[in-house]
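Throughout, a chain's letter reflects where its sequence line sits, starting with A, and its residues are numbered from 1.
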There are 2 protein chains.
Amino acid sequence: MEDTSVYDRSIAILKQNHIRITPQRQIILKYLINHHNHPSVETIYKALEKDFSNLSMATVYNTLRLFEDIGIIIQLPNKDGGVRFDFFGTPHFHAICEHCGKIIDIQYPNYNQLDHELQDITKKQDPDFTPSRSKVEVYGLCKQCQQKLNQ
Amino acid sequence: MEDTSVYDRSIAILKQNHIRITPQRQIILKYLINHHNHPSVETIYKALEKDFSNLSMATVYNTLRLFEDIGIIIQLPNKDGGVRFDFFGTPHFHAICEHCGKIIDIQYPNYNQLDHELQDITKKQDPDFTPSRSKVEVYGLCKQCQQKLNQ
DNA sequence: GTATATGCAAAATCTTTGCATTCCC
DNA sequence: GGGAATGCAAAGATTTTGCATATAC
């Protein structure tokens, strides 16, 4: 199963960073790998507390920040307050609807090249800054909202 | 003065969008044009309430959302909660320090071409989505934080 | 064994809302 | 004049903190 190796690779990254593998971190990681719904903190918490009682929001917050720091997930803006998250196994960017806030994954084969380009430009414009990753968001209107607004 | 015409052009955009020109909107717009410090809501409020008593946070929030909706400012993530804003007269992107959260403007001559490219890719990958603008952030370490972390 | 992570609940932040009043067009 | 914007304060969300307890390595 492909997901298992994604999971194993992620766990390896955690270990490389001397991060302890707790059950909470495992289930949150699994959730993020298996759900590409760009969940909010609360969505993750609600989904997991059923099977894993006495999980706390604080732990979910801690874990997500940790995962973001080491680059295996990225944070996305949420139209109505709060933020959302997305597992970042295959690098990609996001299209975000300005009207409803819907987030769509844009898988782009040359993302790595684009990422490299953006880091290059940044280093050229500001040699004092050492870039390590980039984040791209494209804003516009999703199909449903286009139709709604044209009525 | 260059800033005057930037201001006039922005006001024209507001009028095009049938947005009323209130004194509050004028001073907030002027502040954003003249300060490229990526201010938070509170920074703007604090700076303006001195000269403009009984300005309310609610109005600052409303105004910033409005300006963002019509695309004359963009919202940036803030490391420690909340968000920051930047006037978007000349299209550019941002370098953000992962360690201290510092935001640096990256003026890039071919930004428009890059923006166009990103919208093109998005449309190709998801024909149902109609893109209108893009946002690019490059993460890494600023000079100060590199030095700090290497000690 | 020890440093680290967790849960809990309270505190601190940040943002929105409702409504009476004011004001732009 | 009328619809829209504002200020205010309260409510609602979201996120962080402190500390005792539990646990990964």
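No side-chain N or O of B:D105 forms a donor-acceptor pair with one of B:H36 less than 3.5 Å apart.
Mapping B:R25 and A:R65 onto DNA chain D via the closest heavy atom, the residue that lands nearer the 5' end is B:R25. Judged by closest nucleotide on DNA chain C, A:A58 is the one of B:A58 and A:A58 placed further toward the 5' end. With DNA chain C read from its 5' end, the first of the two nearest nucleotides for A:L66 and A:Y45 is the one closest to A:L66.
Whole-Å rounding puts the B:E49 CD to D:dG7 P distance at 12 Å. Between the OH atom of A:Y61 and the P atom of D:dG18 there is a distance of 17 Å, rounded to whole Å. For A:N62 and D:dT16, the CG to P distance is 9 Å, given to the nearest whole Å. The distance between atom CD of A:E68 and atom P of D:dT15, rounded to the nearest whole Å, is 12 Å. In this structure, the CD1 atom of A:I21 is 12 Å from the C1' atom of C:dA5, given to the nearest Å. Residue A:M57 contributes atom CE, which lies 8 Å from atom C1' of D:dT14 at whole-angstrom precision. Rounded to whole angstrom, the span from the CD1 atom of A:I19 across to the C1' atom of C:dT6 amounts to 16 Å. Taking atom CZ of residue B:R84 and atom C1' of nucleotide C:dT15, one finds them 17 Å apart after rounding to whole Å.
In terms of phosphate contacts, A:Q24 brings a side-chain nitrogen or oxygen within less than 4.0 Å of OP1 or OP2 of C:dG7. Note on A:S56: every side-chain N or O is 4.0 Å or more away from OP1 and OP2 of C:dC8. Proximity of B:T22 to the phosphate of D:dA4: no side-chain N or O atom is located under 4.0 Å from OP1 or OP2.
In terms of modelled atom types and a separation under 3.5 Å, the side chain of B:K79 and the main chain of B:C97 share no donor-acceptor contact. A donor-acceptor pair under 3.5 Å is formed between the side chain of A:Q146 and the backbone N or O of A:L141.
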Dump the intermediate steps for side chain to side chain contact (heavy atoms under 4.5 Å, CB included) on B:I44 and B:L32, then the final yes or no.
CA-CA 8 Å; B:I44 297 169; B:L32 289 163; 4.0 Å; yes

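The side chain of A:V83 lies closest to D:dT15 when the candidates are D:dT15, C:dG7, D:dA24. Closest to the side chain of B:L55, out of C:dG7, D:dT14, D:dG7, is D:dG7. For A:T63, counting side-chain heavy atoms from C-beta on, the closest listed nucleotide (D:dT6, C:dT6, C:dC24) is C:dT6.
Classification of the A:H35-A:Y31 ring pair by plane angle, with boundaries at 30° and 60°, yields parallel.
Taking 3.5 Å as the limit, the base of C:dA3 and the side chain of A:R20 contain a donor-acceptor pair of atoms between them.
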